[in-house]
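I have placed the structure first, in the form of structure tokens, so that the comments after it can refer back to it.
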Amino acid sequence: MTQPKAPSVRALLSGALPVDSAVAVQGWIRTRRDSKAGMSFLAVHDGSCFAPIQVVAPAALDNYLSEVSRLSAGCAVRCTGKLVASQGKGQSLEIVADSVIVLGWVEDPETYPMAPKKHTLEHLREHAHLRARTNLIGAVTRVRDTLAQATHRFFSGEGFSWIHTPIITASDAEGAGQMFRVSTLDMANLPRTPDGKVDFSQDFFGREAHLTVSGQLNVETYCMALSKVYTFGPTFRAENSNTRRHLAEFWMIEPELAFADLDDDADLAERYLKALFTAALEQRGDDLAFFAEHVDKGLLPRLEGLVRSEFTRLDYTEAVRILEKSGKSFEFPVRWGIDLQSEHERYLTDEVVKGPVVVMNYPKDIKAFYMRQNDDGKTVAAMDVLAPGVGEIIGGSQREERLDRLDARIAELGLHGPDYWWYRDLRRYGTVPHAGFGLGFERAVLYCTGMENIRDVIPFPRAPRQADF
RNA sequence: UCCGGCAUAGCUCAGUCGGUAGAGCAAGCGGCUGUUAACCGCUAGGUCACUGGUUCGAGUCCAGUUGCCGGAGCCA
């Protein structure tokens, strides 16, 4: 049987086909409105863009009474008909149907969890398998995709290679947080060594293994060969973090740049964030308009301002001085040497700078072993990019490329030197200055949508006591 | 993990001083209408998270449990 092509709603509404074309549309019913003038109006949505297309279903259709008049939110349909200029207000184009085929009914409209009404984000989370059907989560999903595609486009355009660093790691050296164990041992009957410890030599990898908490150490090896590299993949932290900014499984982007220092690193971070949000503004205007109206009134000025402005860079020491002189009474008093608390970061981004701020050169005692030691003997070449409402969106540093200094730091922190043998090799064979950062992808999505809870910008959030679906 | 809050109809919530439950939305039926967050009327819908306690009587007071939300810490 010959059937008219079924373009996406996006294609139809953007005028890809001339008026009077015979078309089909496939999607799900958002709303049905009946008119006594002898027709029903079906809002058909297929996720290809924010808007649904209106299908006019005449009462003369064979299945009008038996089926069309019973359609409710969520029903799947295939409609064929003619694309016409709309007689009504609110849309320029619509389809006058000559057939409406119901592909899938909603079995009980009253208990369908995505009823056509406002729902709380909490309710949507409890129905994560259905929530992509809502305006809100659909828009988040399209923006998320746009940012992901823009990430690859940006780095590719800058000459970076995408490196697939491992998900499973037997390296105990990453040191970025609590790790999830990966094991095939029978937990009800664990093999033991003579001194009573679990005998991991009998485990799948012959040693302890975990899910990665960062691809950085691995990607540095490729940086020392391909010069410009990045990772973009899932990352796992077993921290018992219960906040709107943390997930146990999240996606992280970690570029690593050879022959570069901290300023080059901050430049890259700034160019990258601007490229991300420019892509969203250019490609997802429909979705951003929805967020601007219903989620965050200030979203568009904030994004447009960011892509136009220059990021404010602040030495840690200077940031501390600003905070000390602010006259604000913080819950945690500020003094040189402490890590900045959320309230301090918020003051800097929301009140001092009113935009993203790059804080650089932190005290070495609060930062990781691999960060490059500055000449002052007190600080390391680390940076955090802080964004209003989101907090730390990027954390990065210039890496310590001098073997003696790296070894000294490993020893100072009481780390087990031999574990780092291959990382140290990079400093033994052709070491060069290099730098990189990690960007929490979901935090970028938060910033770009105005959403507040990170669990609403990833399809299936994993967090403590939360691994449904 | 710590601090605070919440849990009542499919959903969002109200429920006074302790006296066996109410609204809006959604849904169903009817009316009206080239409609569009449609509108108007009617109808149906409840193990008040769970366990125990106080009381003649508990949605309400007390204790515990579970789950969720917000903040903090950890970080991206």
Ignoring backbone atoms, establish whether [X] has a side-chain N or O less than 4.0 Å from OP1 or OP2 of [N].
{"X": "A:T120", "N": "B:U12", "result": "yes"}
{"X": "A:R245", "N": "B:G71", "result": "no"}
{"X": "A:Q341", "N": "B:G73", "result": "yes"}
{"X": "A:R33", "N": "B:G34", "result": "no"}
{"X": "A:N240", "N": "B:C2", "result": "no"}
{"X": "A:S35", "N": "B:U33", "result": "no"}
{"X": "A:S342", "N": "B:G73", "result": "yes"}
{"X": "A:R125", "N": "B:C69", "result": "yes"}

[N] - base-pair partner by Watson-Crick or wobble geometry, distances under 3.5 Å:
{"N": "B:G24", "result": "B:C11"}
{"N": "B:C39", "result": "B:G31"}
{"N": "B:G46", "result": "none"}
{"N": "B:G73", "result": "none"}
{"N": "B:C56", "result": "B:G19"}
{"N": "B:C68", "result": "B:G5"}

query: A:F41 on top of B:G34's base, within under 5.5 Å and under 30°?
result: no
To the nearest angstrom, how far is [X] atom [atom1] from [N] atom [atom2]?
{"X": "A:L71", "N": "B:G28", "atom1": "CG", "atom2": "C1'", "result": "16 Å"}
{"X": "A:E239", "N": "B:C2", "atom1": "CD", "atom2": "C1'", "result": "15 Å"}
{"X": "A:E94", "N": "B:G34", "atom1": "CD", "atom2": "P", "result": "14 Å"}
{"X": "A:K117", "N": "B:A27", "atom1": "NZ", "atom2": "C1'", "result": "12 Å"}

Checking contacts here: which listed nucleotide (B:G73, B:G70, B:A26) is nearest the side-chain heavy atoms of A:R244?
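Within the option list, the nearest is B:G70.
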Item checked: Nucleotide nearest A:F250 (side chain, heavy atoms from C-beta), chosen from B:A76, B:C68, B:A26 ->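 When the side chain of A:F250 is considered, B:A76 is the closest of B:A76, B:C68, B:A26.
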- request: Pick the C1' atom in B:C32 and in B:A14, then give their distance to the nearest Å.
  value: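 Straight-line distance between the two C1' atoms is 32 Å.
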* To do: Rounded to whole angstrom, note down the P distance from B:U65 over to B:G5.
  =>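 Taking atom P in both B:U65 and B:G5, they lie 16 Å apart.
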**Parallel, tilted or perpendicular: rings of A:Y272 and A:F154 (30°, 60°)** =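 Because their plane-to-plane angle lies in the 30° to 60° range, the rings of A:F154 and A:Y272 count as tilted.
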Could you check A:M383 against A:L262 for side-chain contact (heavy atoms from CB on, under 4.5 Å), going step by step and ending with a plain yes or no?
CA-CA 8 Å; A:M383 66 162 190; A:L262 189 64; 4.0 Å; yes
Report task. Measure centre to centre between the rings of A:F155 and A:F232, then say whether the value is under 6.0 Å. Result ->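 Judged by ring-centre distance (under 6.0 Å), A:F155 and A:F232 do not meet the cut-off.
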- Query: Going by an N to O cut-off under 4.0 Å, is there a salt bridge joining A:E67 and A:R70?
  - Reply: no
- Query: Is there a side-chain contact between A:V357 and A:R313, using heavy atoms and a 4.5 Å cut-off?
  - Reply: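 No. Closest side-chain heavy atoms not under 4.5 Å.
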When A:G395 and A:S72 are each assigned the nearest nucleotide of RNA chain B, the 5'-most assignment goes to A:S72
